[in-house]
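Take a look at the structure below.
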Amino acid sequence: MKSQISSLKLLCLALLFSSTGSVFAAGASAAFTDICTNGEEWPHPYMCENREMDLVKQRVVVSITPDAQHSGHRGAFYIGIRTDGQARANFTQNGWAGLNGGLFEPVTLHDSLPGGTQQFVVLDRGLLCPQIGGGTSELWAGYGILNEQGEMMIQNYKNYLSKGITYEHLVRTYVQHEMTENQRAWKVLEVTCPNVNGDTNN
């Protein structure tokens, strides 16, 4: 029963956040799970105390599905968080990293973007709110590709490679631009956490 509920939730989220309304097109979703003292896992919000248990940790898994036509292109997957409208951090291969302006750091950068749904565990210990702090936080996920226009622009800037600008930096620049231009990033989770003296529950 629990697995059926989780599967249904993932399907609904995929439908909600798909750019075209089709689960087979590009889209992203998040599964937010509460884990009780006895190890039981249930979609958030689940009241462990109703079963005389404590909520011991939470898990957030982000799924990103690229459009089939983008498979095989050079590209990258991105996951980020913003609080009260301000971008705060990216999830990277080494975990969460703060933003200091400039390019977003991708979760993964690929010479050949894989097809199918890619999953990333962005939280698997402790509780969410103590880690992200007070305010309304949004988790965003998306991907970009290096299209023909980007390839041409990189060729036009190849002379800059000898001036301290790496090829990877140029790739990331145009991949991020392509993602933004095509609005291929989706809000997959929104959580409001209490401030120091607040009483809002996550």
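What you see is a predicted model, and the numbers here were worked out from it, not measured in a lab.
Separation of atoms SG (Cys36) and CG (Asp54) is listed at 9.0 Å; rounding is to 0.5 Å. Taking NZ of Lys57 as the reference point, atom CZ of Arg125 lies at 10.5 Å (rounded to 0.5 Å). Atom CG of Leu55 sits about 8.0 Å away from atom CD of Glu49, to the nearest 0.5 Å. Rounding to the nearest 0.5 Å places NE2 of His44 at 8.0 Å from CG of Leu189. With rounding to the nearest 0.5 Å, the separation of CD in Glu190 from CG in Leu139 is 11.0 Å.
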Q: For the pair Ile154 and Leu146, evaluate side chain to side chain contact (heavy atoms under 4.5 Å, CB included) and give the outcome as yes or no after the intermediate values.
A: CA-CA 10 Å; Ile154 287 176; Leu146 186 64; 3.9 Å; yes

Q: Decide yes or no on side chain to side chain contact (heavy atoms under 4.5 Å, CB included) for Val191 and Cys129, but give the supporting numbers first.
A: CA-CA 8 Å; Val191 177; Cys129 279; 4.1 Å; yes

Q: Could you please spell out the steps behind the side chain to side chain contact (heavy atoms under 4.5 Å, CB included) verdict for Phe91 and Gln93?
A: CA-CA 7 Å; Phe91 187 72; Gln93 290 181 323; over 6 Å; no

Q: Check the pair Tyr78 / Val175 against side chain to side chain contact (heavy atoms under 4.5 Å, CB included), numbers first and verdict last.
A: CA-CA 10 Å; Tyr78 296 89; Val175 166; 3.7 Å; yes

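Using a 4.5 Å heavy-atom cutoff, the side chains of Gln118 and Tyr143 are not in contact. The shortest distance between side-chain heavy atoms of Arg88 and Ile132 falls below 4.5 Å. Side chains of Ser137 and Cys193 form no contact here, defined as non-hydrogen atoms less than 4.5 Å apart. Using a 4.5 Å cut-off on side-chain heavy atoms (C-beta onward), Asn156 and Met153 make contact. Within the 4.5 Å cutoff, the side chain of Trp96 has heavy atoms near those of the Ile79 side chain. Residues Phe77 and Pro66 meet the side-chain proximity criterion, which asks for heavy atoms closer than 4.5 Å.
Remark: Tyr46 engages Arg51 in a side chain to side chain donor-acceptor pair (under 3.5 Å) (not counting sequence neighbours). With sequence neighbours left out, the side chain to side chain donor-acceptor pair (under 3.5 Å) criterion links Arg74 to Glu151, Tyr167. Residues satisfying the side chain to side chain donor-acceptor pair (under 3.5 Å) test with His73, not counting sequence neighbours, are none.
At a threshold of 4.5 Å between side-chain heavy atoms, the hydrophobic network of Ile, Leu, Val, Met, Phe, Trp and Tyr places Val62 and Trp140 in two separate groups.
Checked by atom type, the side-chain pair Asn147/Gln149 shows no donor-acceptor distance below 3.5 Å.
Of the listed residues (Leu128, Val61, Val188), just one forms a side-chain contact (heavy atoms from CB on, under 4.5 Å) with Phe32, and that residue is Leu128.
Remark: the backbone N or O of Gln58 is not paired with any side-chain donor or acceptor of Asp34 at under 3.5 angstrom. Under a 3.5 Å cut-off, the side chain of Asn90 and the backbone N or O of Thr92 do not form any donor-acceptor pair. No side-chain donor-acceptor contact under 3.5 Å links Tyr174 to the backbone of Met152. With Ser63 contributing its side chain and Ser29 its backbone, the two residues share no donor-acceptor pair below 3.5 Å. Side chain of Glu178 to backbone of Ile145: a donor-acceptor contact under 3.5 angstrom is found.
Around the CD atom of Glu148, the shell of radius 6.0 Å holds no more than 12 heavy atoms that belong to other residues, nucleotides or ligands. A 6.0 Å sphere centred on CD of Glu52 holds no more than 12 heavy atoms belonging to other residues, nucleotides or ligands.
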Using residues 103-114 as the side-chain source, report each donor-acceptor pair under 3.5 Å to any protein atom, sequence neighbours left out, with the distance given to one decimal.
| unit_1 | atom_1 | unit_2 | atom_2 | d |
| --- | --- | --- | --- | --- |
| Thr108 | OG1 | His110 | NE2 | 2.9 |

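Annotation: disulfide bond (SG atoms under 2.5 Å apart) contacts involving residues 57-116, sequence neighbours excluded, are absent.
Annotation for Ile35: hydrophobic cluster partners, listed by chain and number, are Val56 (ILVMFWY side-chain heavy atoms under 4.5 Å, direct or chained).
Between Ile64 and Gly142, the shortest heavy-atom contact is CD1-O, 3.7 Å.
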